[in-house]
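The structure appears right after this line, and notes come after that.
By convention in this document, chain letters (A, B, ...) are assigned in the order of the sequence lines, proteins followed by strands, and residues within each chain are numbered from 1. Side-chain atoms are counted along with the backbone in the values below, which use heavy atoms only and exclude waters and symmetry mates.
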Protein chains: 2
Amino acid sequence: MKRENSEGALIQLRAYIAQGEFETNDRLPAERELCETLGIGRSELRKAFAILESEGAIWRHVGRGTFVGNGKGQGPDYLSIADIAKRTTPREVMHARLVLEPMLAREAAMHATAEHVEQLRDCCAKAREATTWRQYESIDNQFHSLVTEATQNTPLITMYEQLNALRRTIVWGCLHRHTETPTPDHHSFAEHEAILEAIEQRNSEAAQIGMKRHLQAVRDDMFPSD
Amino acid sequence: MKRENSEGALIQLRAYIAQGEFETNDRLPAERELCETLGIGRSELRKAFAILESEGAIWRHVGRGTFVGNGKGQGPDYLSIADIAKRTTPREVMHARLVLEPMLAREAAMHATAEHVEQLRDCCAKAREATTWRQYESIDNQFHSLVTEATQNTPLITMYEQLNALRRTIVWGCLHRHTETPTPDHHSFAEHEAILEAIEQRNSEAAQIGMKRHLQAVRDDMFPSD
DNA sequence: ATTCACACATTGGTTGATCATTGTCTAGTA
DNA sequence: TACTAGACAATGATCAACCAATGTGTGAAT
């Protein structure tokens with residue numbers, strides 16, 4: 001019964017609040033009293049409270065007490081990347097990128113600022129200097145993120161981030177390549193620069209097509225059968 | 001400068017870990033040292049650590065130290081719709097729909113099963129029978145969800161769900177209309193049916209354009225200034 | 001030279017005292 | 001009686017000291 005330390009207090013506290021039938025904004029017992037009731041130390045109790053507070057399940061104030069927050073807060077307010085990852089495949093994620101990202105490039109061509117273009121240019125330059133696949137992957141990822149940021153649309157940016165997080169979760173470690181180091185004539189370099197040029201010239205159609213071609217090439221690298 | 005208490009330490013700590021370029025399982029400075037570096041009390045630091053630990057972003061052990069967990073934890077594993085909602089606007093959400101959903105309709109035309117088409121047809125029929133705007137909104141929402149499901153691509157579906165949740169959070173209660181009840185000649189009916197027809201005929205281009213026209217009309221209803 | 005045992009320093013965890021804030025009760029005044 | 005000011009108690013937050021677990025180095029024994 002010594003294993004209940006790390007998370008036991010949290011579980012115990014959650015159960016207490018749930019079965020205690022507290023309504024929203026009801027006050028619950030003081031810390032010193034509650035930690036005695038639950039038979040745990042005050043630091044354990046406060047640690048559990050800190051987590052519940054970060055979740056919005058409770059709120060507290062000095063001199064007043066601790067109160068239960070909006071009960072719905074623990075609901076489906078968020079999407080867990082890990083849970084989504086269990087229900088999809090690398091192929092699906094690649095396909096989703098092929099659907100979403102060309103449209104992001106199109107939007108970027110219409111909304112990018114001069115500063116965005118400058119950052120993209122820097123990114124393309126650094127890509128050619130990459131000496132390891134690890135470096136290249138990082139810079140490639142940065143390029144796509146910058147294109148997305150250039151759309152200046154928060155919902156689109158968060159959707160891309162979700163897709164990106166999903167990709168990293170799923171293909172975590174599947175980064176083996178045919179060659180040891182990136183070669184200067186790798187198709188991605190020219191493709192990235194074509195996208196950059198299209199964005200710079202405000203040519204949304206070319207940006208969309210450029211991104212589509214690039215991702216099709218990436219897909220063909222990943223799944224040579226196609 | 002006293003407001004940085006409740007969450008400031010957590011944000012500060014997240015930033016420190018992020019820009020410190022720590023790899024997975026890297027050890028970070030001891031608590032006593034770190035709280036001096038960050039200029040916060042140890043209890044604040046430990047409170048922030050407790051939250052990061054509950055998210056899986058770090059793990060720690062007595063006598064050994066505190067270590068960064070799976071790198072994906074630094075942006076928490078989930079995206080909170082409420083947090084995103086704070087940083088966006090109805091216009092941005094509408095714009096994002098206009099970017100994403102036409103592509104979803106295009107995909108749906110290529111991947112929908114006969115069953116999907118059947119459900120879409122039912123949905124269109126029920127829409128014309130709606131007697132209140134509340135009912136119509138529900139059925140309209142169902143139509144768009146069905147189109148998304150027809151893509152049969154899990155990442156795309158979850159991205160649409162995220163955008164949909166965002167829309168409901170933001171425009172929560174802004175559903176006033178010019179007329180009291182839906183009229184049979186409302187433009188959406190014909191537009192939905194055009195999309196359905198395009199999907200049924202596997203005409204991806206027409207499905208994409210149909211969805212784009214439909215959402216442009218919806219946008220013009222919401223923001224008559226355009 | 002190798003190995004093992006033990007002392008010691010480091011680290012996260014815990015505890016109790018104290019601080020700062022809030023609510024309440026009470027004595028005093030009009 | 002009505003009302004206000006101040007004392008007092010309760011509460012969450014913070015801090016310093018201490019505890020237990022862990023890693024490391026040191027020196028004696030082989």
Side-chain angles (χ1 to χ4, degrees), chain A residues 1-17 20 22-71 73, chain B residues 1-18 20 22-71 73-74:
Chain A
M1 293 300 284
K2 210 49 172 306
R3 185 64 197 86
E4 59 186 351
N5 274 342
S6 59
E7 295 182 356
L10 212 179
I11 296 172
Q12 197 175 350
L13 184 56
R14 275 212 168 91
Y16 175 84
I17 294 175
F22 291 100
E23 301 290 331
T24 298
N25 287 351
D26 267 3
R27 200 197 125 174
L28 35 94
E31 291 184 357
R32 292 167 177 82
E33 185 178 344
L34 192 52
C35 69
E36 201 161 342
T37 302
L38 299 181
I40 59 180
R42 188 149 102 103
S43 72
E44 285 178 277
L45 180 66
R46 286 184 56 76
K47 180 177 173 181
F49 268 149
I51 294 167
L52 289 183
E53 188 181 31
S54 79
E55 292 174 354
I58 62 159
W59 59 275
R60 43 190 179 167
H61 214 278
V62 183
R64 298 184 64 185
T66 305
F67 304 82
V68 310
N70 226 329
Chain B
M1 292 301 284
K2 211 52 173 299
R3 188 63 199 87
E4 58 185 354
N5 273 344
S6 58
E7 295 182 353
L10 212 181
I11 295 173
Q12 198 176 350
L13 185 54
R14 275 211 168 92
Y16 175 85
I17 296 175
F22 291 99
E23 300 291 330
T24 298
N25 287 349
D26 266 3
R27 198 195 129 179
L28 36 93
E31 291 185 357
R32 293 164 177 84
E33 185 178 346
L34 192 52
C35 69
E36 199 160 344
T37 300
L38 300 180
I40 59 181
R42 187 149 95 111
S43 71
E44 285 178 276
L45 180 67
R46 285 183 56 76
K47 180 177 172 182
F49 268 149
I51 294 167
L52 288 184
E53 187 180 31
S54 80
E55 291 173 357
I58 61 160
W59 60 274
R60 42 190 180 168
H61 215 276
V62 182
R64 299 184 62 187
T66 305
F67 304 81
V68 311
N70 228 325
Q74 56 179 353

d(CZ, B:F67; P, D:dG23) in whole Å: 8 Å
Shortest non-hydrogen contact between A:L38 and A:Q12, atoms and distance: O-NE2, 3.0 Å
Presence of B:R46 side-chain N/O under 4.0 Å of C:dG12 phosphate oxygens OP1/OP2: no
Short side-chain N/O contact to C:dT11 OP1/OP2 from B:H61, under 4.0 Å: no
Protein-nucleotide distance (A:F49, atom CZ; D:dA13, atom P), rounded to Å: 10 Å
Axis deviation across the helix from C:dA1-D:dT30 to C:dA30-D:dT1, five-pair ends, to the nearest 10°: 10°
Distance-minimising heavy-atom pair for B:R27 and B:G65: NE-CA, 4.3 Å
Spatial distance of atom CG (B:L45) from atom CZ (B:R32) [nearest 0.5 Å]: 11.0 Å
Minimum-distance nucleotide to B:R60 side chain [options: C:dG13, D:dT11, D:dG12]: C:dG13
Gap between atom CD of A:E53 and atom CD of A:E55 - 0.5 Å precision: 11.0 Å
Protein-nucleotide distance (A:K47, atom NZ; C:dT15, atom P), rounded to Å: 13 Å
Whole-Å gap separating C1' (D:dG12) and CG (A:L34): 13 Å
A:L13 to A:L34 - nearest heavy-atom pair and separation: CD1-CD2, 4.0 Å
Geometric class of the A:F22/A:Y16 ring pair [parallel <30°, tilted 30-60°, perpendicular >60°]: tilted
Taking only N/O atoms, report every protein-nucleotides 16-20 of chain C pair under 3.5 Å with atom names and distance.
unit_1 : atom_1 : unit_2 : atom_2 : d
C:dT18 : O4     : A:R32  : NH2    : 3.3

side-chain contact (heavy atoms from CB on, under 4.5 Å) assessment of B:V68 paired with B:L52: CA-CA 9 Å; B:V68 311; B:L52 288 184; over 6 Å; no
Atom pair distance, as rounded to whole Å: CZ in A:R64 and P in C:dT22: 9 Å
A:R27 CZ - C:dG23 C1' separation (whole Å): 10 Å
Closest nucleotide among C:dT14, D:dA13, D:dT11 to the A:E31 side chain: D:dA13
Where A:I58 and A:F49 come nearest, the two heavy atoms and their spacing: CD1-CD2, 3.3 Å
Minimum-distance pair of heavy atoms, taken over all atoms of A:A9 and A:I40: CB-CD1, 4.1 Å
Among C:dT14, D:dT22, C:dG12, the nucleotide that comes nearest once only the side chain of B:T66 is considered: C:dG12
